[in-house]
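Sequence lines set the chain letters: A, B, ... in the order given, protein chains first and strands last, and positions in each chain run from 1. This structure is a prediction, so every number in the text was calculated from the model and none was measured. Values below: every heavy atom of this structure, side chains too, minus hydrogens, waters and symmetry copies.
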Amino acid sequence: MTDAVTLQGVTKQFGDVVAVCDLDLAIADGEFFSLLGPSGCGKTTTLRMIAGFEFPTTGSLKIHGQEMGLEPPNKRPVNTVFQSYALFPHMTVEENVGFGLLMKKLGSADIAERVKRALDMVQLTHRAAATPKQLSGGQQQRVALARALVNEPEVLLLDEPLGALDLKLRQAMQLELKDLQERVGITFIYVTHDQDEALTMSDRIGVMNEGELLQVGVPQEIYEHPTSRFVADFIGEINLLPAVVVDHETVRLLGNHPISASTGAASGNEVTVAIRPERFELYDLDEPIPEGMNRIEGTVSRRIYHGDVFYYDVDTPAGVIEAKEENRPGVELYEVGERTIVVWAPAATSVVQE
Amino acid sequence: MRHSRLWRLALLVLAIALVAASCGGDDDDAVAADCSADQVDGDLNFYNWSEYIDPELITAFEEEYGVDVVESFYESNEAMLSQLQSGVSYDLVVPSDYMIGIMITEGLLLPLDKDAIPNLENLAEDFQAPPYDPNLEYSVAYQYGTTGLGVNLDLVGDAFTPSWALVFDPALTANFAGGVSLLNDPRETMGAALEYLGYSLNDTTLDHLQEATDLIKAAKANIATFDSDQYDESLVNGEVAVAHGYSGNMIVAIGEADNPDQFTYILPEEGATLWIDNMAVPVGSQAPCTAFTFINYLLDAENGATLTNWNYYGSPNAASEPFLDQEVIDFYAETANANTEVITDTGSYEINFTDKLAEAKS
Amino acid sequence: MTAPTDRQAVTPELEAAAERAASRRGVLIALPSWAYLSLFFAIPLVIVLVYSFATRSSTGLTQLRDWNLDSYARLWDPLVGEIALRSLLLAIATTAICLAVSYPFAYYIATRGPTARNILLVLVMIPFWSNFLVRTYAWRVLLGTDGPLSQLTQALGGEPIRLLFTNTAVLIGLVYGYLPFMVLPLYAALERMDWRLVEAARDLYADGWTAFRKVTWPLSRPGVIAGSILVFIPTLGAYVTPAILGGARTTLLGDYIVSQFLAARNQPFGSALSIAVMSVMLAATILYFRSGARNL
Amino acid sequence: MSISTGVRPKSPTERLLAANSWLVYAFFYAPILVLIVFSFNDNNNVGIWTEPSLRWYRAMVENDDVLRAIRTSLIVAAVSTVISTVLGTMAALALERFRFRGQRVYDGLVYLPIIIPDVTMAVMLLLFFAQSFRILDGLIGWSPNFGIGTISLSHIAFNISFVAVVVRARLGQLDPRLEEAAADLYANQWQTFRRVTLPLILPGVLGGALLALTLSLDDVVVTSFVAGPGSTTLPVYVFGLVRRGVTPLINAVSTAMLVASMILVGISLVFQRGTASSPRVAEAHPPE
């Protein structure tokens, strides 16, 4: 089976600015793929090149094996859901949804039938005659979705489609989108800067920064095993501690403190150790610590109550470590100024190069 | 598409065109039109001074010959000349004496086809051989008149000397409520100032003309407007006390005023303009035969009288005399003895009059 | 559309080709208006430029030979300077009066509620959309010696008003004709303004006047500049208003240029004058765009 | 100072502002009202009121010159509006939606006619027509005359720019994503323009067309320079009347022109209702 979308050595320049640099990416058929990164990282440009709104400066862009680099958007089997929805303000919901089919010169009965089905799918049949201005944000978003899906594209491109919605609605829509994607079985390419969104919905995630694709993987892999400092830092909360590689299984933190971690780098290299706050446990100085765990002693310098969890800042020779402990009956609280031992598993330790 | 190349191309075309035009501009040979009496060859574009012809005459002509007469107006000989020089084509124009000379020199006029104008014989003897067109090759007199001053006796008083001082002497004009109005015409207005200074209105000494310019400038505080169109109304409405203007318009306006005795028209003793306006056919005419027929029509005895009785200018048409209002005949008989001068073409000096009027006005 | 098999075969110039295609379409769409404006605007402009170096014959014909700079030399004539200065002063006075009257006016409209604002604005537009000549002519009726204003003052026992054919009349006419040009940009600038900034200034201990001086005025400056340019440029070359209300008594630039063509028949000098006036306006406009404006 | 707050005691400043505004409105409307009132005056003299009558309106419709001038005006306005709207809209599209070489020069070419004083424009076109007619005569022996043709060509020349500016402003406000969405939904360039771009910029195009129409109906200076025999437009005719003397006939003609303008404004307001939030200056037309 061919991949839905293949990018090979794609570079996009705007004047002197390189927006996307030598991108290689293959997205499988039926996959929910997210492009994640901060604004200006090139993810939207990549999406727009797939849609045909921008043309690559160099490189090859294929959709289902067909070279598409030069095709105008109207000749591509993809459809887009825009960030601002881009609903035609002078047309009704029905006309908006039927626009693509009309352009494809389908019969009017056929169009009416398919538009109805699409509106049923997004539960907006009752607003068919409304204009976009009369709809709420969430409803507009559904219209935009229906307008794209009604054409049964091979690939659906979504450019931060939930960005304009409020938190509750956004979370509900995330699940709905994921559901929908599984139901229709179309390849989704989803652009977002929201890591939660990407982690929740995606089959795979590609993290971009400054025009480069840094890491591609399933959500867990990206979260648990970032391969670069940027990916580690961008996704979730994380402690980044400078270290020096000792051997395959050991690195030395500041304060000459050795810990176990799988390194994969030559000894003597300066690296960064990345550990999620929720991976730490705090122990009393006299408490027994399980075998094989990494540990470092320090002083609690701050405690913040956060409802479901407590955050602790612990001053250690290796630097300030942020730890997160669940707010559960029976969990011991540490006071500011108290000595404690921070404990974590070697497997929870990612070693990343700069 | 390379715009720079297109630009260059456009400029090249333009340059060629300009050269072509400057070389080919002189071969506009005035080919005489061959017409017969009462022949018409299209609608008549008539370029005339405003309020210079009885509309009834035009309507009658249109009905008789089945053509349209489209009238356009100008307010000075110079304005008319500039239109013709720009290439706007008319079929009939009415330039004054000196302007006929200029237009002949410029090659702007079509020779008259005298076969088409049998009524030429009606022309009075005085107008058979004017100095600017001795053989009537290009023009034939339309009307004549004088340029003088209309005076509001209520505002000026009865005891005044008929002099250009009435408009140029600030000491005098300062007493006139509303001030005075002067014609917006280079030869007439500069000429009046020259006369007041004791020179001829055809004087071609630049120093004298500068003196005249300074004179107008000094008098300007009391000059309400430079106006060639509605000085007569301004006078009878009391807007101005003294108005510089043409005899016919003045007489008609005074005659129609609520109190005609309150006004008078005078010719300054230093000398005033006697002018003759003439009908002529410009070179670009599209309907020269209609134009000749129209000229012939106006030279008819009764039509000529209608013309004069409507605007009260002097008639050059001897045959019209029996049909004229006695008032007009008497008036122009009087002016025959006045101190008047005809404006002549001063050739290359001409341009100074327009330049200096502009300077005086500003 | 054959798929490349290896990295060497990737299409290298996709974008360049697409841009060429788009650019070709753009040029095609621009072409008709480009051709029209080249023929009926750019070439006429060049002709005026060419004429300004030509000589005038004694009968006022323009001779396209003996090229010279006489017409430009004549621009330094004190007479021209006097006329230019007078036009300039008149244009500045008109602009200043328009600004002084319009600012509070636009401010008032911009601070009404949305409905009132729209009605008030339409009321500004209505006279503005009527024929310019008619509006100017109306002042001739109003200011005439036997006009309504004069009759009113006489009924009140005063002197008849003699404003017609004075510089004051021209000034009134110009202010009347161009006032909306000042009102609209000022209104646009004030309406667009974030009024919370004024509140912030008041919150930070500025009194009403200081808040205006430090916040409102600087923020409305683009409107002030746009309005001033839009009033200044046409009044500097005004022809119709002085002709109707000024009685041809004093010469202004517009009238002077027209008279060079229609009376003095000095096309080279008239052309040079036109070029000079145009250059001044071009400079003013460039200054305007330099000041950060993006649109007229 | 905030907008539309509830009832507040009026400050002295507020009162002054209000008073100034009503004075400005009085200034705006007084001359026009006087003009209208006196057009119904049965007197030969413009300023003296005797009794109401329709005398001058009768004189107007019986005057062949007025009727001919109206006809000329309408022909010129219609022709120049249609052509300049099409060309101006295309110019706006080219400037706003495309990038090509020489665009800056083209941009300047489109903007320049707006800032050029109309006296200069008039002079330019007069010399141009005079020169090109001479050339045409020399080359192919055809010498066209000044008239409706030259007037229309000249009006188009200045109208294109105004239409382009108005339409361009409207295009600038249009979300380019909408056009991308159309392309994404299989519309080709022409379909995108006809079904999405044009309907959405239509208020701007109509605004530009109305502006062109009023500019054309307003113009005196350019028209009087390039007019020929018998091709006087109404404003030029009225200008001539005004210069030749003030008769109440002008009041009647002016009032008729005023009513015609009002109808135009009415139409434009209906079209533009609820579209432009703040009026752009370019949509207001410059006089003369």
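- Note: Pro113(D) leads Gly172(D), Ser84(D), Ser154(D), Pro113(D) in heavy-atom pairs under 4.5 Å with chain C.
- Contacts of Leu45(C) with chain D are made by both backbone and side-chain atoms, with heavy-atom separations under 4.5 Å.
- Interface remark: Leu33(D) contributes no atoms to any contact with chain C (heavy atom separation under 4.5 Å).
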Under the criterion side-chain hydrogen bond (donor to acceptor under 3.5 Å, both in side chains), I'd like the reasoning laid out for Tyr237(D) against Ser73(D): C-alpha separation, chi angles, the key distance, then a yes or no.
CA-CA 10 Å; Tyr237(D) 180 77; Ser73(D) 278; over 6 Å; no
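- For Thr223(D) and Asp219(D), the side-chain atoms include at least one donor-acceptor pair closer than 3.5 Å.
- Contacts of Ala260(D) with chain C are absent, with no heavy-atom separation under 4.5 Å from either backbone or side chain.
- Shown here are the side-chain hydrogen bond (donor to acceptor under 3.5 Å, both in side chains) partners of Tyr36(C), two or more places apart in sequence or in another chain: there are none.
- Residues Ile116(D) and Met281(C) fail the side-chain proximity criterion, which asks for heavy atoms closer than 4.5 Å.
- Residue contact with chain D, scored on non-hydrogen atoms closer than 4.5 Å, is absent for Leu273(C).
- At a 4.5 Å heavy-atom cutoff, Leu236(C) makes no contact with chain D through either its backbone or its side chain.
- At a threshold of 4.5 Å between non-hydrogen side-chain atoms, the residues Thr241(C) and Tyr176(C) do not count as touching.
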Hey, can you pull the donor-acceptor pairs under 3.5 Å for the side chains in residues 157-166 of chain D, sequence neighbours left out?
from	atom 1	to	atom 2	distance (Å)
Asn159(D)	ND2	His155(D)	O	3.4
Asn159(D)	ND2	Ala212(D)	O	3.3
Ser161(D)	OG	Val110(D)	O	2.8

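- Proximity to chain D is limited to the side chain of Phe261(C), based on heavy atoms less than 4.5 angstrom apart.
- Residue contact with chain C, scored on non-hydrogen atoms closer than 4.5 Å, involves the side chain of Leu35(D) exclusively.
- Options Ile275(C), Ile172(C), Val134(C), Leu28(C) differ in how many heavy-atom pairs under 4.5 Å they form with chain D, and the most are formed by Val134(C).
- Aromatic pair Tyr25(D)/Phe105(C): centroids less than 6.0 angstrom apart.
- For Leu262(C), the part lying under 4.5 angstrom from a heavy atom of chain D is the side chain only.
- The parts of Val238(D) that come within reach of chain C are both its backbone and its side chain, each placing non-hydrogen atoms under 4.5 angstrom from that chain.
- Of the listed residues (Leu253(C), Val175(C), Leu120(C)), the greatest number of heavy-atom pairs within a distance under 4.5 Å of chain D belongs to Leu120(C).
- Ring pair Phe212(C)/Tyr103(C): centre-to-centre distance below 6.0 Å.
- Comparing Val24(D), Leu93(D), Val34(D) by how many heavy-atom pairs each has under 4.5 Å with chain C, the most go to Val24(D).
- Looking at Leu234(D), there are no atoms closer than 4.5 Å to chain C (heavy atoms on both sides), in backbone or side chain.
- Between chain D and the options Leu133(C), Leu179(C), Leu142(C), heavy-atom pairs under 4.5 Å are most frequent for Leu133(C).
- Heavy atoms closer than 4.5 Å to chain C are found in the side chain of Phe98(D), but not in its backbone.
- Interface summary for chain C: among Asn20(D), Leu153(D), Leu95(D), the most heavy-atom pairs under 4.5 angstrom belong to Leu153(D).
- At distances below 3.5 Å, not a single donor-acceptor pair connects side-chain atoms of Thr235(C) with backbone N or O atoms of Ala238(C).
- Most heavy-atom pairs under 4.5 Å with chain C: of the set Leu127(D), Leu87(D), Thr120(D), Val119(D), this distinction falls to Leu127(D).
- No side-chain donor-acceptor contact under 3.5 Å links Tyr111(D) and Thr285(C).
- Between Trp22(D) and Tyr108(C), the ring planes are perpendicular. Angles over 60° get that label, and only those under 30° would be called parallel.
- Across Arg25(C), Arg196(C), Gln260(C), the residue that shares the most heavy-atom pairs under 4.5 angstrom with chain D is Arg25(C).
- Within the cation-pi definition used here (under 6.0 Å to the ring centroid, within 45° of the axis), Arg135(C) does not qualify as a partner of Tyr137(C).
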